[in-house]
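These notes are about the structure you will find just below.
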Amino acid sequence: MQLASISKLENFVDQEVTLRGWLYNRRGKGKLLFLILRDGTGHVQCVCFRPDMDPELFARLEKLTYESSIQVTGVVKKDERSQGGFEIGVKDVKVVSEAEENYPIAIQEDTPNIDHLLDNRHLWIRSKIPHATLRIRNEVVQAIRDFFYEREFILVDSPIFTPNACEGTTNLFEVDYFDEKAYLTQSGQLYNEATCMAHGKTYCFGPTFRAEKSKTRRHLTEFWMVEPEMAYAGLDDVMDLCEDFLSYVVERCLTRARKWLDILGRDVTKLENVTKPFPRISYADACAKIIEKRAQLLASGSDDEKRIAKDAMTEPGDDFGAADETIIGMIFDKPTMVHRYPKSIKAFYMKADPQQPEYALCVDVIGPEGAGELIGGGEREDSLDNLLAAIKHHKLPEEAFKWYLDLRRYGSVPHAGFGLGVERTVGWICGNPHVRETIPFPRLLHRLSP
RNA sequence: UCCUCGGUAGCUCAGCGGUAGAGUAGGUGGCUGUUAACCACUUGGCCGUAGGUUCGAAUCCUACCCGGGGAGCCA
């Protein structure tokens, strides 16, 4: 018995192989029976011809339920009539486990009921679109690790249980830690600042938690973030890294995961366009462009565009909302690096621009096609005195930051880094606006299971 | 928390005061090249929950429950 996988059938033409998988679909045509088998690596049509087979087995296969696990033995044939170009001339089928009737997920391309699909996420991930999406996630994650490994960043993961709010801004999940209060991490950044002083260039890569009651297509309560941090680096170094990093990840998906992009129906020309350099624009200039575009959309845009424009900013000062990011995405067709936001709207550890102290040395990378904010980062405050003042100004408990302040006491250097949201990145690359489909088992405001 | 849309067959939906419908899945039969196969017949329902209006409610009203989309906040 020669085992094979569906993705490698071209190596077995005219040979007898055994495939192990699940029945995805079934079509009968008189003495012919077509079984569509999936094995995790792909789908293939297996052709059963009644006169050539055991009558009892043929009769059983004609009624075999969807998702029954089966082991198919037959000869690999090149055949243009078959999707994928290959099919199996079936000699024998072993039914490993016959599935129950009423498999909850229908094979249809109609508008799905997302609630039902998410309730059955444990089964839905078998279907083609979610399956391909998770293959893209796999490629993105592998590309991230390879990118940082090749550039000699050291993976030093940060803790998930933390004693206090890192930035004091967002709502955290509170857990009981042996009669002490602990919180699930919302960012590994402060710890990265410590590890990069030990290793030079580090990154952490793990889950992150936000207890915000956000109910939008861009939010999860549990999501994955990759956060690099570099000692002896500034804002420009971070922007260079963002460019190198995002273009590398996209390129990897194009070269090594194109099959899955095709299944998703992704317009790859949009991704092929993601090459260095990316536009770099200051917050102040970006605001001016948004306000200008807003007026133009209100005057002569479509109804959809008018609706977006209405929500966009009318004067600089605030952080960007969803509409502002969408408009940035309309103006530029590449990920766009918006730098130097007002210091007042950014976290306490952001360093002020010496040239214009009311702005921070920070950057957000806003993805095209409505992907939203993919990256947030910047240069960190490295002066002990300034940091103490910022902690006081933000009314944060100084005691909790004692170890963090030590980093400025013992060999402080300019340093910078960023955080990238993995699900938003995967969603953008897949052309799927909803982050909930880019993680195997999404955790959402109203969803904790399966 | 706010705005908005929705809950009818296993699944996707129509019906919007007068006997509960279609497609698909399931069942029975037919077909040697199907691609979401097709053709014929067929099983399948506490119309989200609780009140109310009415001779009569899936349909109208009220409350509640559950969810989707969006806002704020953020990656």
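Both backbone and side-chain heavy atoms feed into the values below; hydrogens, waters and symmetry mates do not. Numbers restart at 1 for each chain; the letters A, B, ... are given by sequence-line order, proteins then strands. Quick caveat: nothing in here was measured; it's all calculated off a predicted structure.
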Is there a donor-acceptor contact under 3.5 Å linking the side chains of A:Tyr349 and A:Glu193? no
A:Asp364, A:Asp353, A:Asp318 screened by salt bridge (Lys or Arg N to Asp or Glu O under 4.0 Å) with A:Lys346, the one that passes: A:Asp364
Taking the C1' atom in each of B:rC55 and B:rC13, what is the distance between them to the nearest angstrom? 32 Å
Backbone of A:Arg218 reached by a side-chain donor or acceptor of A:Thr216 within 3.5 Å: yes
Should B:rU32 form a Watson-Crick or G-U wobble pair with both distances under 3.5 Å, which nucleotide is its partner? none
Determine whether more than 12 heavy atoms belonging to other residues, nucleotides or ligands lie under 6.0 Å from atom NZ of A:Lys213. no
Remember a base hit wins even if backbone is also touched, and classify A:Gly28 as base, sugar-phosphate or nothing at under 4.0 Å, heavy atoms. base
On the nucleotide B:rA71, are OP1 or OP2 found under 4.0 Å from the side-chain N or O atoms that A:Arg218 carries? yes
Among B:rG69, B:rG33, B:rA75, find the nucleotide with the atom closest to the side chain of A:Lys29. B:rG33
Integer-rounded Å distance: B:rG69 C1' and A:Arg307 CZ: 10 Å
A:Met225 has its side chain closest, among B:rA75, B:rG33, B:rG69, to B:rA75
Of all heavy-atom pairs between A:Thr41 and A:Ile6, which one has the smallest distance, and what is that distance? OG1-N, 3.2 Å
I need the NZ-P distance between A:Lys63 and B:rU28, as an integer number of Å. 3 Å
Applying a 4.0 Å non-hydrogen cut-off, can you work out what A:Gln45 is touching in the nucleic acid: base, sugar-phosphate, or nothing? base
Is there a Watson-Crick or G-U wobble partner for B:rG26 with both distances under 3.5 Å, and which nucleotide is it? B:rU42
Within the structure shown, what part of the strands sits under 4.0 Å from A:His434 by heavy-atom distance: base, sugar-phosphate, or nothing? sugar-phosphate
Quick one: look up who B:rU54 pairs with, Watson-Crick or G-U, both distances under 3.5 Å, and put none if it's unpaired. none
Mapping A:Gln83 and A:Ile105 onto RNA chain B by nearest heavy atom, which one lands closer to the 5' end? A:Ile105
Of all the nucleotides listed (B:rA71, B:rC73, B:rU34), which has the minimum atom distance to the side chain of A:Ala322? B:rA71
Work out which heavy atom in A:Ile290 is nearest to a heavy atom in A:Ala312; give both atom names and the distance. CG2-CB, 4.3 Å
Students often get this wrong, so: under 4.0 angstrom with heavy atoms, is A:Leu374 touching a base, only sugar-phosphate, or nothing? sugar-phosphate
Can you check whether any acceptor in the base of B:rG33 is under 3.5 Å from a donor in the side chain of A:Glu87, or vice versa? yes
Given B:rC74, B:rU34, B:rA75, identify the nucleotide with an atom nearest to the side chain of A:Glu373. B:rA75
Counting side-chain heavy atoms from C-beta on, which of B:rC74, B:rU1, B:rG67 comes nearest to A:Asp115? B:rG67
Could you give the distance separating B:rG44 and B:rC11 at their C1' atoms, to the nearest angstrom? 13 Å
The nucleotide from B:rU32, B:rA36, B:rG33 with an atom nearest the side chain of A:Phe49 is B:rU32
In whole Å, what separates the C1' atom of B:rC65 from that of B:rA50? 10 Å
With C1' as the reference atom in both, quote the distance from B:rC46 to B:rA57 in angstrom, rounded to an integer. 14 Å
Does atom CZ of A:Arg20 have more than 12 heavy-atom neighbours, drawn from other residues, nucleotides or ligands, at distances under 6.0 Å? no
Taking atom CD of A:Glu292 as the centre, report whether more than 12 heavy atoms of other residues, nucleotides or ligands fall under 6.0 Å from it. no
Just checking A:Asn25: base, sugar-phosphate only, or nothing, at a heavy-atom cut-off of under 4.0 Å? sugar-phosphate
B:rA37 P sits how many Å from A:Arg26 CZ, rounded? 10 Å
Figure out the CG/P separation between A:Leu445 and B:rC73, and round it to whole Å. 17 Å
Per A:Ile114 side chain, nearest of listed nucleotides B:rG29, B:rC11, B:rG68: B:rG68
Pairing partner of B:rC73, by Watson-Crick or G-U wobble and under 3.5 Å for both distances, is none
What is the pairing partner of B:rG6, taking Watson-Crick or G-U wobble pairs with both distances under 3.5 Å in any strand? B:rC66
Do other residues, nucleotides or ligands put more than 12 heavy atoms under 6.0 Å from the NZ atom of A:Lys8? no
It should be established whether A:Arg27 places a side-chain nitrogen or oxygen under 4.0 Å from OP1 or OP2 of nucleotide B:rG33. no
Roughly how many Å is it from NZ in A:Lys346 to C1' in B:rC73, rounded to a whole number? 12 Å
Could you state the atom-to-atom distance from CG of A:Leu64 to P of B:rG26 in whole Å? 11 Å
Suppose we call a contact any N or O donor and acceptor under 3.5 Å apart; does that hold for the side chain of A:Ser214 and the base of B:rC74? no
Is a donor-acceptor contact shorter than 3.5 angstrom present between the side chain of A:His116 and the base of B:rC11? no
B:rA22 versus B:rC60 - spacing of their C1' atoms, nearest Å: 26 Å
Expressed in whole Å, how much space separates the P atoms belonging to B:rU8 and B:rG48? 6 Å
Regarding A:Leu33, tell me which of base, sugar-phosphate or nothing describes its non-hydrogen contacts under 4.0 Å with the strands shown. nothing
Starting at CD of A:Glu62 and ending at P of B:rU28, how long is that distance when rounded to a whole Å? 10 Å
Going by the angle between their ring planes, with limits at 30° and 60°, are A:Trp260 and A:His131 parallel, tilted or perpendicular? perpendicular
By the Watson-Crick or G-U definition, both distances under 3.5 Å, B:rG21 is matched with B:rC13
Side chain of A:Arg436 (C-beta onward), nearest among B:rC74, B:rG68, B:rU32: B:rG68
In whole Å, measure the gap between the P atoms of B:rU59 and B:rU19 for me. 14 Å
Which base sits across from B:rU59 as a Watson-Crick or G-U pair, both distances under 3.5 Å? none
With nearest nucleotides of RNA chain B determined for A:Ile375 and A:Tyr66 from heavy-atom distances, which residue corresponds to the more 5′ nucleotide? A:Tyr66
Counting side-chain heavy atoms from C-beta on, which of B:rU34, B:rG26, B:rU35 comes nearest to A:Glu101? B:rG26
Atom CE of A:Met313 and atom P of B:rC73 are separated, to the nearest Å, by 11 Å
Using the P atoms only, state how far B:rG23 lies from B:rC39, rounded to an integer number of Å. 10 Å
Can A:Phe223 be classed as stacking with the base of B:rA75, given a centroid separation cut-off of 5.5 Å and a plane angle cut-off of 30°? yes
Quick one: does A:Arg50 reach the base of B:rC31 with a side-chain donor-acceptor pair under 3.5 Å? no
From the candidates B:rG69, B:rA75, B:rG72, the one with an atom nearest any side-chain atom of A:Thr216 is B:rG72
